Protein chains: 2
Amino acid sequence: MSKRTEKTIVDIAEELKLSVSTVSRALNNHPNISTRTKEKVKKMANKLGYRPNAMAAGLRNSKSRTVGLVVPRISMFFPATISTVIQNKLHEHGYHVLICQSNDSLEQEIALAETLYSTRIDALAVSSTLYTTDFSHFDIFKDNNIPLVFFDRVPKDYKVKVIKGDDYLGGYTVTEHLIEKGCKDIVHISGPLTCNLYTERVAGYKNALRKHKIPFRKSRVFYQELTKENALLACEKIFSRPPYPDGIFAANDTTAITILEYCRKINLRVPEDLKIVGYSNDPRAEIITPSITSVDQFPAIMGERVANVLLDLLQQPGTTPQRYSEELVPIQLIERGSSAAPVSKPKTTVKKKVK
Amino acid sequence: MSKRTEKTIVDIAEELKLSVSTVSRALNNHPNISTRTKEKVKKMANKLGYRPNAMAAGLRNSKSRTVGLVVPRISMFFPATISTVIQNKLHEHGYHVLICQSNDSLEQEIALAETLYSTRIDALAVSSTLYTTDFSHFDIFKDNNIPLVFFDRVPKDYKVKVIKGDDYLGGYTVTEHLIEKGCKDIVHISGPLTCNLYTERVAGYKNALRKHKIPFRKSRVFYQELTKENALLACEKIFSRPPYPDGIFAANDTTAITILEYCRKINLRVPEDLKIVGYSNDPRAEIITPSITSVDQFPAIMGERVANVLLDLLQQPGTTPQRYSEELVPIQLIERGSSAAPVSKPKTTVKKKVK
DNA sequence: CCGAAAATTGCAAACGTTTGCATAAAATAC
DNA sequence: GTATTTTATGCAAACGTTTGCAATTTTCGG
């Protein structure tokens, strides 16, 4: 009746007149145990409703079979998709995933690192805050040889495994695409430069301009957190007075969508008067009218790779020093209506393979 | 240089010539410890880079300070938002959240229940699979007095805490809305009836029809997993030959969106020829042209409530028997273009028609 | 300054596993 | 039938905490 329901291997052992060690080994399929006793033990375990206590096991051999995952937020399309994939894959291999969100707050990220360490996670994957430039709160993991992997939002000068999108190429490709479609004055709305993925996109943007002999103008680049509100503010600035740009490269799709809606309001035709390209290929980009050209970052592939690296590292004996390495996940421009050439009637979705 | 970095309270105790118990108590701010030693201990803990071992503590007092969360998938808007809220809220109170996805597979859900129990989570919140009708795999939690809460996709005859949307009202409201906008032949695309949230929406649909003296026709209701592919199949059936319906109530927005796009292709005007209403108020519903009328289920509120109930139960002494209770989260119809009255006609609130 | 109450600190057991080593039993070799 | 290998099982320590109770120290009334 009361809370006496928690059966342990000791109970099994007593019931069967065996030692706990034998029971433990039997349940873990240790080769030294005869098949007969294994069967007996497992049957009894079932009968008693025994459930292993992961904490006890974890304490004993300092393995929690849990890996931590820190992302800015799980309700955003891109990290959500990655998290999904990582979680499913690791689950297949018997690992739990502790998905945590920093909410883009450095403070929360630091706290998370601390408490995740406390739970003795076996590995950690993180996509950092927009504002994380000092990564020393992850030192504990490195120092204790706990596999540590960064993805998407990765550090610049912190030696660690890294899996990221090809953001330089992305920035370059988008910009060149706009130029090829006839744009001469391209505004870029970027995230804050503390996040070096944006630095790279800006670099791509600049280089594409240079290659096509279009002067780079500082005033045509905005650095801001890529929210709807900020996008509106940017719009107001951009369209407060002519000359209006003829192309906008937004570093995410929320921003691109907001701009598109703003254009509707001020009767600016897209793509005729203004071409817009977003980033990340959010599901909304495909659905809006006109549909928005965006850059697919293949979150499923990225998640898959992160999971593979984690599993790899988890397999290795604990003492192997962490090696620094960087993996690049390809990107692909998905051409849609918002950047179509005005002359030709565009098909709804044209995919152009890059790289 | 090797893995000698894991400091424990024993190390602190030795360093300070204190007993481990004192150190433990000092770190936990036990009232019996003098402030002087508390300070000493904490300082030393810092100096040594001590991090508590949650597994050891957990083992000792059978509390993991972790709660489990099982949802169909975290990449869908609705569960993602709820998960976000729950996770953030519980984190504030020092709990970890183990977010797991069943991928709408009963088999996976059962496995998850098992392994989550193994980790000795302190509580569990679940939104079940579409196909879960037998919930006995959650019995372990009830039997061991581990707080168990269901939300959104909840069981019908399984006594447990439940927090759900007002799906009956939702179905009724949508249907009545369509009727008021002039629809006489309303198709309903529902999820499978194994999930009783759909049963309730169907009930709302039926009752609204009845109230407005519109005959219910079995052939006008589809029961299917609400994917894009299935939505297309339904479209093909619906529009294979006249008479076409003049209203469609889709039980999620993915379906509504797919229908809308299908209509574009076959040159059916929305809302003039056909009115469409979705469910859940996915961000995409607002963005598409025409924007889609949908039902907001206030996922943030639902998440908040789930978190509150969990925290409540976690506070209580373990022996309190689980009480059955059901909380209803309100819904709100968000009227948009896809069900607007046609502009040609003056604004009319159709009250009574023939008969 | 004594003794009792109050405030601190320490001892040791417990939580449920795993695992190196020792031992016992069975199988094999001679 | 004994000696040796192989195969199964058991003992006991460990993992890092927490906590009831006992022991010690401090405080303080008189």
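Letters go in sequence order (proteins before strands), and every chain restarts at 1. Owing to the predicted nature of the structure, the values given are computational and were not obtained by experimental measurement.
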Report, as yes or no, whether the 6.0 Å neighbourhood of atom CD on Glu326(A) holds more than 12 heavy atoms from other residues, nucleotides or ligands.
yes
Rounded to whole Å, the CG-C1' distance (Asp11(B) to dT17(D)) equals 13 Å
Search all heavy atoms of Lys7(B) against all heavy atoms of Leu48(B) and return the closest pair with its distance.
CG-O, 3.3 Å
Please report the closest heavy-atom contact between Asp122(A) and Ile146(A), naming both atoms and the distance.
O-CG2, 3.5 Å
Which comes earlier along DNA chain D counting from the 5' end, the contact point of Ala56(B) or that of Ser21(B), where each point is its nearest nucleotide?
Ala56(B)
Take the protein atom CD1 of Ile9(A) and the nucleotide atom C1' of dA12(D), then report the distance between them rounded to whole Å.
13 Å
Atom CD of Glu14(A) to atom C1' of dG16(C): distance rounded to whole Å?
13 Å
Nearest-Å distance, CG (Asn61(A)) to C1' (dG16(C))?
12 Å
Are the ring centres of Phe135(B) and Phe150(B) closer than 6.0 Å?
yes
Donor-acceptor pair, side chain of His30(A) and main chain of Asn32(A), under 3.5 angstrom
yes
Need one value for Thr8(A): base, sugar-phosphate or nothing, where a base atom within 4.0 Å counts as base even if backbone is also close, heavy atoms only.
sugar-phosphate
Whole-Å gap separating C1' (dT17(D)) and CD (Glu6(B))
14 Å
Specify the separation, in whole Å, of atom CG of Leu59(B) and atom P of dA14(D).
17 Å
Answer yes or no: is there a side-chain heavy-atom contact under 4.5 Å between Thr81(B) and Met302(B)?
no
Would you check if the side chain of Gln101(B) reaches a backbone N or O of Ile74(B) as a donor-acceptor pair within less than 3.5 Å?
yes
Let's test your reading of the model: under 3.5 Å, does the base of dC15(D) pair with the side chain of Ser62(A) as donor and acceptor?
no
Can you tell me the distance, in whole Å, between the NZ atom of Lys63(A) and the C1' atom of dG16(D)?
16 Å
Just the rounded figure in Å: distance from P of dG16(C) to NZ of Lys7(A).
12 Å
Could you work out which one of dA12(C), dT17(C), dT19(C) sits closest to the side chain of Val20(B)?
dA12(C)
Atom pairs under 3.5 Å: protein N/O with N/O of nucleotides 6-9 of chain C:
| unit_1 | atom_1 | unit_2 | atom_2 | d |
| --- | --- | --- | --- | --- |
| dT9(C) | OP2 | Ser34(B) | N | 3.3 |
| dT9(C) | OP2 | Ser34(B) | OG | 3.3 |
| dT9(C) | OP2 | Thr37(B) | OG1 | 2.9 |

